[in-house]
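One structure is given here, and the rest of the page talks about it.
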There are 2 protein chains.
Amino acid sequence: MGEITIKHLAETLNVSTATISKALRDSHEISNSTKARVFELAKSLNYRPNPFASGLRRQKSNTIAVILPEIADNFFGQAINGIEEAARQKGYHLLIYLSHDSSEREAFFINDVLGRCVDGLLISISFDGANFSHLDEIQQKLPTVFFDRTYEGSLLHVTNNDYDSAFEATKHLLDGGCRNVAYLAALQTLDNGNQRFKGYLGALQQFGVPFRQELVVDCTNNRDDNYAKLFHLVKNVKPDGIVSSIEKLAKICYHICNDLGVDIPGDIKIISFSNLDCAALLNPSLTTITQQAFEMGKEAATMLFKVLKNSNYEAESKVVKAQLFKRMSTR
Amino acid sequence: MGEITIKHLAETLNVSTATISKALRDSHEISNSTKARVFELAKSLNYRPNPFASGLRRQKSNTIAVILPEIADNFFGQAINGIEEAARQKGYHLLIYLSHDSSEREAFFINDVLGRCVDGLLISISFDGANFSHLDEIQQKLPTVFFDRTYEGSLLHVTNNDYDSAFEATKHLLDGGCRNVAYLAALQTLDNGNQRFKGYLGALQQFGVPFRQELVVDCTNNRDDNYAKLFHLVKNVKPDGIVSSIEKLAKICYHICNDLGVDIPGDIKIISFSNLDCAALLNPSLTTITQQAFEMGKEAATMLFKVLKNSNYEAESKVVKAQLFKRMSTR
DNA sequence: TTGAAAGCGGTACCAA
DNA sequence: TTGGTACCGCTTTCAA
């Protein structure tokens, strides 16, 4: 590589490599005058410490891994922004992995990450996971913060107030007069999916509206399947309101209502969990429960860095509240 | 770390570390029977090579850096997906950096990346760059592929057919009868911004429509500024068509038209470069020039990996064509 | 306050 | 086909 090494610096200044190393780390063992000379030379030669060498020795990399289900998604995109901001402040680097909601890939990455000598992990888990053994394992071996999509066993996590926000969403429709409120379920294998569903049930109960199974659509990761199910829902079950637990499903409903000539909000009011930045521009504009994605990412990263600093840590969790934006789709 | 090392394996099998190392790399020097024993043991103990150690020795990391202006953006989100897919296939890891369109940050990252011992770099450059010296430098020291946002000096790059697609976009409006076609300029410091503008000019010329400076709005990274300029454009200059070189500006126009009661497409037709996945759901649905972001990312990564494999390389470029989706906003 | 030297875990050369 | 060993660049202990 022909890069400048500590040895070069040592030879140039006629001191030992040990002295250089200590000086660069601003050790108290080294005199100020020596430090000054070392710093100056290092700077002028644009010395960059070799991360392999220091990593090998110190067993740390100043790098964290981030495992996400996807990235071409407003929520995760914004979350990464938050993570990046926090990481940059602390001088950490970010390794990115996309599970595409496959727990198999996720498990593979986790194994991979364990061998990468990263200092910590930030993860939002995939939803098709049947078991969480790889998650149990990683969290024992590596400081791990779960965010948004967590699982029961997670020690450190940053979540949305899923129950409350789904409750609010459903209440908003009930307040608006809806009595046949459908719920588009997703992420049901995960804690946050569950919480959202419970929030929906809770609101129904508070309003004395009986639960009807046919109003619940269990969605999958297959777009065609979802389309068929939702088409059936809108055409035959005819709810007067829809709470969508994820953005993707709300979009499909818009298409279906367009196709069927169903009026939003006249025939059906729609509210969705969503971080779409153009929700206000939709036809009609979409009422959303918007998670504070940037904040969640930033909080999760911050929690991780705190843990990395203290090394000993206990379970910790943080909730970032979502916001309700009322728009035309529920007017 | 208490991790399994080559030494453990060597002791267990009563062979030398050299033998283990070679066996694991499937060297022809090692007998099949020994290899088999080594592989089996390594597998059963879940041995993971220490990347610092091998990196230190081999001067390669199996990691590439990706520097992007932003990520909570459909284009770049999709592009990363493409990059990730290619990287995963080749067993590479991805380090992500976000410049937020600051060339200062970009230069900082580049310096940082140089010290990280990554094998290569994928970059889409920030638009506020006054000079490109840091880009010249990195491309000499590290295999670097520029994508989407390149600069003149780039040796390896993957771009959009910017001239042609802007030409098409403008032609589409002119074909539709517009004669006062405004152009919302962005990325003017970059090659692709230039090409798009030239495409606009080219189409005007072909139709014999004179260029008018007042129809061109030079946008910045400041939303309020842009809003004011666009407000003035729509309210006072009153174009009958708008070609937006980036998505963000088209969205602002939608808001402004809403506010002013200007009808799209009745009063103004709008077409925009955009990777918005909900373009079809907007009110009215937005006609777009959609770049093949995923493809571009994948191609760029593929080009980089090819170069990494051959080590000696020449200038190479690839163009991925954008697609025109005609929708209601230009009907 | 400084330096000598032993590693960190692999790799690769050379000898056996 | 296998083993011994120097070494990649940096950190850290211990001695000076």
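Note that the structure is a prediction, hence the values are computed from the model and not measured.
Inspection of the B/Asn111 and A/Asn46 side chains reveals an N or O donor paired with an N or O acceptor under 3.5 Å.
Residues from residues 17-27 of chain A lying near DNA chain D, meaning a heavy-atom separation below 4.0 Å, are A/Ala18, A/Ser21, A/Lys22, A/Arg25 in numerical order. Within residues 29-45 of chain B, the residues having any heavy atom under 4.0 Å from DNA chain D are, by residue number, B/Glu29, B/Ile30, B/Ser31, B/Thr34.
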Point to revise | Worked check of side chain to side chain contact (heavy atoms under 4.5 Å, CB included) between A/Leu142 and A/Ile110 | key: CA-CA 10 Å; A/Leu142 192 68; A/Ile110 281 181; over 6 Å; no

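In this model, the phosphate group of C/dG9 is not approached by any side-chain N or O of B/Tyr47 to a distance below 4.0 Å at OP1 or OP2. A sub-4.0 Å separation between OP1 or OP2 of C/dG9 and a side-chain N or O of A/Gln59 is present.
The distance from atom CZ of A/Arg58 to atom C1' of C/dG7 is 16 Å, rounded to the nearest whole Å. Taking atom CZ of A/Arg116 as the reference point, atom C1' of C/dG10 lies 14 Å away to the nearest angstrom. Atom-to-atom, CD1 of B/Ile4 to P of C/dC8 comes out at 15 Å; the value is rounded to the nearest Å. Put simply, CZ on A/Arg57 is 6 Å from C1' on C/dC8, counting in whole angstrom units. Put simply, CD1 on B/Ile6 is 12 Å from C1' on C/dA12, counting in whole angstrom units. In this structure, the NZ atom of A/Lys7 is 14 Å from the P atom of C/dA5, given to the nearest Å. Atom CG of A/Asn50 is separated from atom P of D/dC7 by 17 Å (rounded to the nearest Å). Rounded to whole angstrom, the span from the CZ atom of B/Phe52 across to the P atom of C/dT11 amounts to 15 Å.
Applying the salt bridge (Lys or Arg N to Asp or Glu O under 4.0 Å) definition to pairs two or more places apart or across chains, those involving residues 89-109 of chain B are A/Glu84-B/Arg105, B/Asp101-B/Arg149. Pairs of residues two or more places apart, or lying in two chains, that qualify as ring pair (Phe, Tyr, Trp, His ring centres under 6.0 Å) and include a residue from residues 105-131 of chain A are A/Tyr97-A/Phe109. Listed by first then second residue, pairs satisfying salt bridge (Lys or Arg N to Asp or Glu O under 4.0 Å) with a partner in residues 34-47 of chain A read A/Asp26-A/Lys35, not counting sequence neighbours.
In terms of the side-chain contact (heavy atoms from CB on, under 4.5 Å) criterion, residue partners of A/Val15 (sequence neighbours excluded) are, by chain and number, A/Leu13, A/Thr19, A/Ile20. With sequence neighbours left out, the side-chain contact (heavy atoms from CB on, under 4.5 Å) criterion links A/Thr5 to A/Lys7, A/His8. Among residues two or more places apart in sequence or in another chain, the side-chain hydrogen bond (donor to acceptor under 3.5 Å, both in side chains) test is passed with B/Asn275 by B/Gln78. Residues satisfying the side-chain hydrogen bond (donor to acceptor under 3.5 Å, both in side chains) criterion with B/Ser44, sequence neighbours excluded, are absent altogether. By the side-chain hydrogen bond (donor to acceptor under 3.5 Å, both in side chains) test, B/Asp136 pairs with B/Tyr151, sequence neighbours left out. Take A/Ser27 and apply the side-chain hydrogen bond (donor to acceptor under 3.5 Å, both in side chains) test, not counting sequence neighbours, and it matches no residue.
Nearest-nucleotide positions on DNA chain D place B/His28 closer to the 5' end than the other of A/Leu56 and B/His28.
Defining each end axis of the helix from C/dT1-D/dA16 to C/dA16-D/dT1 as the rotation carrying four pairs' C1' atoms onto the next four, with five pairs an end, the two axes are found to diverge by 40° to 10 degrees.
The listed nucleotides are D/dG3, C/dG10, D/dT11; the one nearest the side chain of B/Ser16 is D/dG3.
The side chain to side chain contact (heavy atoms under 4.5 Å, CB included) test with B/Phe147 singles out one residue from B/Thr159, B/Ile123, B/Ile125, B/Val158, and that residue is B/Val158.
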